[in-house]
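In each ligand, atom 1 is the first atom listed, and ligand 1 is the first ligand listed.
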Amino acid sequence: MPAPTCSSCHAARAALRRPRSGQALCGSCFCAAFEAEVLHTVLAGRLLPPGAVVAVGASGGKDSTVLAHVLRELAPRLGITLHLVAVDEGIGGYRDAALEAVSSQAARWELPLTIVAYADLFGGWTMDAVARSTAGSGRSRSCCTFCGVLRRRALEEGARLVGATHIVTGHNADDMAETVLMNFLRGDAGRLARGGGLGSAGEGCALPRCRPLQFASQKEVVLYAHFRRLRYFSEECVYAPEAFRGHARDLLKRLEAARPSAVLDLVHSAERLALAPAARPPPPGTCSRCGALASHTLCQACALLDGLNRGLPRLAIGKGRRVLQAKPPLAGNPSQAIGDPVALQGPCTCEQSRDGASPCRDGGDCAGATCVVPSDLSATE
Ligand code: SF4
């Protein structure tokens with residue numbers, strides 16, 4: 001049976017049916033519709049004002065490649081300038097090839113590119129070094145927790161370096177729905193309430209950040225890249241199979257098979273969620289070390305680096321992080337600063353084990369004053 005005619009231009013043969021609407025379009029009309037929808041997202045959300053210098057988080061993958069290409073097309077109409085910022089996490093055998101893809105995109109599109117590296121920003125720590133440090137305790141699945149926090153900080157630093165006023169990232173609707181699911185599965189109400197919307201307006205000293213592809217499905221991102229003949233890097237990170245996100249992705253795929261609108265429904269649900277006043281966390285303060293927004297003494301990035309530098313990476317996450325930062329110095333020994341590992345010795349306070357030596361029934365490790373269970377270790381994947 002011959003392909004139907006494009007329902008937009010009524011001239012060319014349709015090359016696809018849009019996954020959500022079922023509309024039959026030719027490649028050229030689909031790409032025009034995709035770009036118009038991203039433009040609408042940016043304008044309706046007032047995400048990028050005229051004159052903005054926009055740092056595009058570029059990884060070489062499909063999402064950031066499509067985002068950079070679409071914004072480059074829209075830049076004259078939006079009155080913005082673009083600067084690609086790539087982060088080198090220091091993942092051998094993976095990131096080097098991805099950065100080559102970003103470099104060739106920047107050259108092809110004549111966009112400036114700046115690469116910032118974890119090793120330079122974080123006192124020599126690379127993701128491979130973090131993985132070695134956390135794997136020592138059998139916790140390789142916590143890599144993405146560290147990487148997510150550090151990459152956010154690195155992108156912020158890179159954006160400041162190039163004089164950007166705004167940051168955009170390539171998260172699509174599927175990514176957002178996975179994040180919503182993960183937060184539900186962890187019972188993380190605070191993140192659920194913060195995760196809605198199109199980004200953050202730039203509280204404190206942080207730059208405004210947004211996700212113009214937030215309502216674009218992953219399938220359409222791939223289709224756009226196909227019809228625009230965009231080349232991107234598609235290898236999976238070596239640490240990705242361990243991430244909790246993979247479980248949320250599998251679950252979402254099954255949900256979507258039963259209910260095609262599940263992805264967008266989840267994204268919109270998160271937008272409408274609001275915490276009851278009694279459940280709202282106190283307004284964030286500033287990190288005592290770097291001045292970034294923080295809900296504890298240290299921001300997430302400084303707390304993770306602190307844990308790594310002390311040789312206690314597990315204690316920088318979840319309950320352990322609260323202990324590291326909130327435990328007061330032992331009486332009579334003022335030289336023990338808050339978070340000093342010595343201050344953590346003592347009986348475990350978890351329900352399962354109180355001897356501070358044997359693992360609790362949840363499979364956690366009792367590390368002194370509290371028990372760090374696996375669920376703590378995936379707080380930010
Ligand atoms: Fe970082 Fe995890 Fe992504 Fe790899 S999969 S780049 S470790 S967040």
S.K.: Could you find the nearest protein heavy atom to atom 3 (Fe) of ligand 1 and give me its residue, atom name and distance?
M.R.: Arg151 NH1, 4.1 Å
S.K.: Give the atom numbers and elements of ligand 1 that come within less than 4.0 Å of a heavy atom of Cys237.
M.R.: 4 (Fe), 5 (S), 6 (S), 7 (S)
S.K.: Looking at atom 1 (Fe) of ligand 1, is one of the N, O or S atoms of Cys143 less than 2.8 Å from it?
M.R.: no
S.K.: Would you say Ser288 and Thr297 are linked by a side-chain donor-acceptor pair, where the criterion is simply a distance under 3.5 Å?
M.R.: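 Judged by distance alone, the side chains do not pair up.
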S.K.: Considering only heavy atoms from C-beta outward, does the side chain of His166 approach that of Arg209 to under 4.5 Å?
M.R.: no
S.K.: Are any non-hydrogen side-chain atoms of Asp265 and Arg259 less than 4.5 angstrom apart?
M.R.: yes
S.K.: Look at atom 2 (Fe) of ligand 1 and say which protein heavy atom is nearest, naming residue and atom and giving the distance to 0.1 Å.
M.R.: Cys144 SG, 2.3 Å
S.K.: Tell me, do Asp63 and Tyr232 make a side-chain contact under 4.5 Å, heavy atoms counted?
M.R.: no
S.K.: Starting from atom 1 (Fe) of ligand 1, which protein heavy atom do you reach first, and at what distance in Å?
M.R.: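 Closest protein heavy atom to atom 1 (Fe) of ligand 1: Cys147 SG, 2.3 Å.
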S.K.: Any chance the side chains of Glu89 and Thr126 put a donor and an acceptor closer than 3.5 Å?
M.R.: no
